[in-house]
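Order of the sequence lines sets the chain letters (A, B, ...), proteins ahead of strands, with each chain counted from 1.
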Number of protein chains: 2
Amino acid sequence: MTDGIVERSRPRDRILETARDMFHKHGIKGVGVDAITEAAGTNKMTLYRHFESKDELIVECLRANAAKAGAMWDAFDAEFPGDKLAQLHAWVRKAAAMLNADGRGCDMANAAAELTEPDHPARLVIKELKEAQRERLVTLCRDAGIGQAELLADTLSLLLEGARVSVQTVGSEGPSTQFVRMAEGLIASFRGAAAG
Amino acid sequence: MTDGIVERSRPRDRILETARDMFHKHGIKGVGVDAITEAAGTNKMTLYRHFESKDELIVECLRANAAKAGAMWDAFDAEFPGDKLAQLHAWVRKAAAMLNADGRGCDMANAAAELTEPDHPARLVIKELKEAQRERLVTLCRDAGIGQAELLADTLSLLLEGARVSVQTVGSEGPSTQFVRMAEGLIASFRGAAAG
DNA sequence: CTAGGGTGTTACCGGTCTGTAACTTCCAGA
DNA sequence: TCTGGAAGTTACAGACCGGTAACACCCTAG
C-alpha cells in the first residue's frame with residue numbers, strides 16, 4: 001500500500017500526483033491507468049475526462065516534475081540571494097542528496113528510455129525541459145564568475161546524469177559516492193582557470 | 001522492415017540476436033515475444049524451447065551485450081599491446097564514436113530503468129556486469145600509471161553514462177558533444193597529479 | 001530405410017492494456 | 001428547491017501480452 005496519496009483534493013490533482021509517483025517508482029509502461037486511478041481514489045472515466053490519453057497524462061507529469069525542479073532552483077536563489085557561487089554549491093549538495101534519496105534515476109531520462117517512438121509527444125517536452133535546465137545551470141555558472149561556464153555546466157550535467165543511472169544500475173555504493181568530490185573538484189578547477 | 005537479421009543460423013542464435021537488436025531499439029517492454037520470433041524468422045514455441053521465459057531471454061541478451069563489450073576491450077589490448085595509456089585514449093575515442101552511432105543509451109541502464117521490480121533477475125546481472133566493467137576501467141587506469149585510478153575511472157564512467165542519457169534526451173547536439181574534451185582534460189589532469 | 005530430435009503450425013488460455021458508452025449519484029450554486 | 005455539471009459505476013470493445021498444448025513436418029544420424 002505504498003501508492004496512496006488519496007488526500008481529498010480535486011480528482012485531477014490527485015490523478016496527476018499519483019501518476020507522477022507511480023511512474024517514478026514503477027516506470028511508465030509498468031503502470032496502467034486503472035492502477036493509477038484506483039490509487040488516486042477515483043476511476044478511469046474521470047481520468048479520461050481530464051486527460052485525453054495516457055500519453056497526455058505522461059506529458060503533464062513530466063511538466064509537473066520540471067515545475068518542481070524549477071521551484072528547487074528558486075529555493076537556492078532565496079537561500080543565497082545574490083551569491084551565485086553559494087547557489088552552485090547548494091545545487092551540488094542537493095543533487096547528491098537526491099542521489100541517495102531513492103534508487104530511481106531521472107524521470108525524464110527514464111521516460112526517454114521507455115518511450116522509444118521518435119515522434120512520441122513526451123520526447124519533445126523532455127528535450128525542451130532538459131534544455132531549459134541546462135540553460136539555467138549555464139547561467140548560474142556564468143553568473144558565478146566562471147570562465148568556461150558552458151563547459152563546466154555541461155560537465156556537471158553529465159556527471160549528475162551519470163550518477164543517477166549508476167545508482168539505478170549498481171546501487172548507491174558505486175561510483176556515484178564520489179559525485180560531490182568530482183563536482184567540487186571541477187568547480188575549483190574551473191575557478192582556478194582564467195576568467196573570460 | 002528494419003528488424004531483419006534472418007540469416008540462416010540456428011534458431012536460438014537468431015532469436016538472441018534479434019531480441020538484442022529489438023530490445024535496444026524499442027525497449028524491453030516495447031517488444032513482445034511474438035514480434036521477436038517473427039523478426040527472427042521462427043515462432044514462439046521455438047523461443048520457449050530455448051529460453052524458459054522472456055525474463056531469461058532478457059538476461060541472456062544482457063550477457064551477450066557484455067560479451068561484445070568485453071571483446072571491445074580485448075581489441076584495445078590487441079591494438080596497443082602493453083601501452084595502457086594508449087588503450088585508455090582508445091577507450092575514450094570508441095566511447096565517443098558509439099555516442100553518435102545511435103540515439104539509444106546503454107542497454108543495461110535502459111533495462112534498469114524499465115525493470116523496476118527489485119528482485120527482477122535482470123537487476124542482478126546488470127549490477128554484476130556493470131561492476132565488472134568498472135573493475136576493468138579501474139585496472140586500465142591504474143596500469144596506465146595514474147595515481148587516483150579509482151577516482152578517474154569512476155569519473156569517466158559517470159561522464160560516459162551521463163553522455164549516453166543526454167544523447168537519449170536532448171540528442172547528439174547537446175552536452176555530450178563535449179565528452180571527448182572533458183575526458184581528455186580529466187586524464188591529463190590526473191596524469192599531472194602526483195602518482196602513488 | 002528408419003527413428004528421433006529439432007522445428008514449424010495452429011489454436012488456445014487467462015490476463016492486462018487503453019479507451020469508450022450509458023447510466024447513476026452527488027453536490028454546489030442560483 | 002431545483003438544476004446542471006462533475007464525479008462514480010458498470011460493462012464492454014478490441015487489441016495485445018506471456019506462455020502452453022497438440023500435432024505435423026523435415027532432416028540428419030544410425
Starting at [atom1] of [X] and ending at [atom2] of [N], how long is that distance when rounded to a whole Å?
X     : N      : atom1 : atom2 : result
B:R14 : C:dG8  : CZ    : C1'   : 11 Å
A:M45 : C:dC26 : CE    : C1'   : 17 Å
B:E38 : C:dT9  : CD    : C1'   : 14 Å
A:K29 : C:dC17 : NZ    : P     : 14 Å
B:L47 : D:dC17 : CG    : P     : 13 Å
A:R12 : D:dG8  : CZ    : C1'   : 19 Å
A:N43 : C:dT24 : CG    : C1'   : 12 Å
B:F23 : D:dG18 : CZ    : C1'   : 12 Å

* To do: With sequence neighbours excluded, tell me which residues meet side-chain hydrogen bond (donor to acceptor under 3.5 Å, both in side chains) with A:D143.
  =>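 Not a single residue meets the side-chain hydrogen bond (donor to acceptor under 3.5 Å, both in side chains) criterion with A:D143.
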* Set of side-chain hydrogen bond (donor to acceptor under 3.5 Å, both in side chains) partners for B:R136, sequence neighbours left out -> B:D74
* Structure fact -> Rounded to the nearest 0.5 angstrom, the CG-CG distance for A:L124 and A:L129 is 9.5 Å
* Asked: For residues 48-58 of chain B, which residues have at least one heavy atom under 4.0 Å from DNA chain C?
  ->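 Here the set is B:R49, B:H50.
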* Strand contacts (DNA chain D) in residues 109-125 of chain A, 4.0 angstrom heavy-atom criterion -> none
* A:R20: partners by salt bridge (charged side-chain N to carboxylate O under 4.0 Å, His left out), with sequence neighbours left out -> A:E17
* B:T46: side chain to side chain contact (heavy atoms under 4.5 Å, CB included) partners, not counting sequence neighbours ->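 So B:T46 forms a side chain to side chain contact (heavy atoms under 4.5 Å, CB included) with B:P11, B:I15, B:T42, B:N43, B:R49, B:H50.
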* Asked: Who passes side chain to side chain contact (heavy atoms under 4.5 Å, CB included) against B:K29, sequence neighbours left out?
  -> A:K29, B:E114, B:L115, B:E117
* Residue A:K44, side-chain atoms from C-beta onward, closest of D:dT9, C:dT18, D:dG18 -> C:dT18
* Salt-bridge present (B:E150, B:R142; N to O < 4.0 Å) -> yes
* Taking only the side-chain nitrogens and oxygens of B:T46, find out if one of them lies under 4.0 Å from OP1 or OP2 of C:dG8. =>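 Checking C:dG8 against B:T46, a side-chain N or O does come within under 4.0 Å of OP1 or OP2.
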* Hey, does the side chain of B:T42 come within less than 4.0 Å of C:dT7's phosphate (OP1/OP2), counting only N and O? ->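 B:T42 to C:dT7 OP1/OP2: no side-chain N or O under 4.0 Å.
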* Asked: B:V165: which other cluster members, linking ILVMFWY side chains closer than 4.5 Å, directly or transitively?
  -> A:V165
* Applying side-chain hydrogen bond (donor to acceptor under 3.5 Å, both in side chains), which residue pairs with at least one partner in residues 121-134 of chain A are found, sequence neighbours left out? ->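 Residue pairs with at least one partner in residues 121-134 of chain A: A:R63-A:E128, A:K130-A:E161, A:R134-A:D154.
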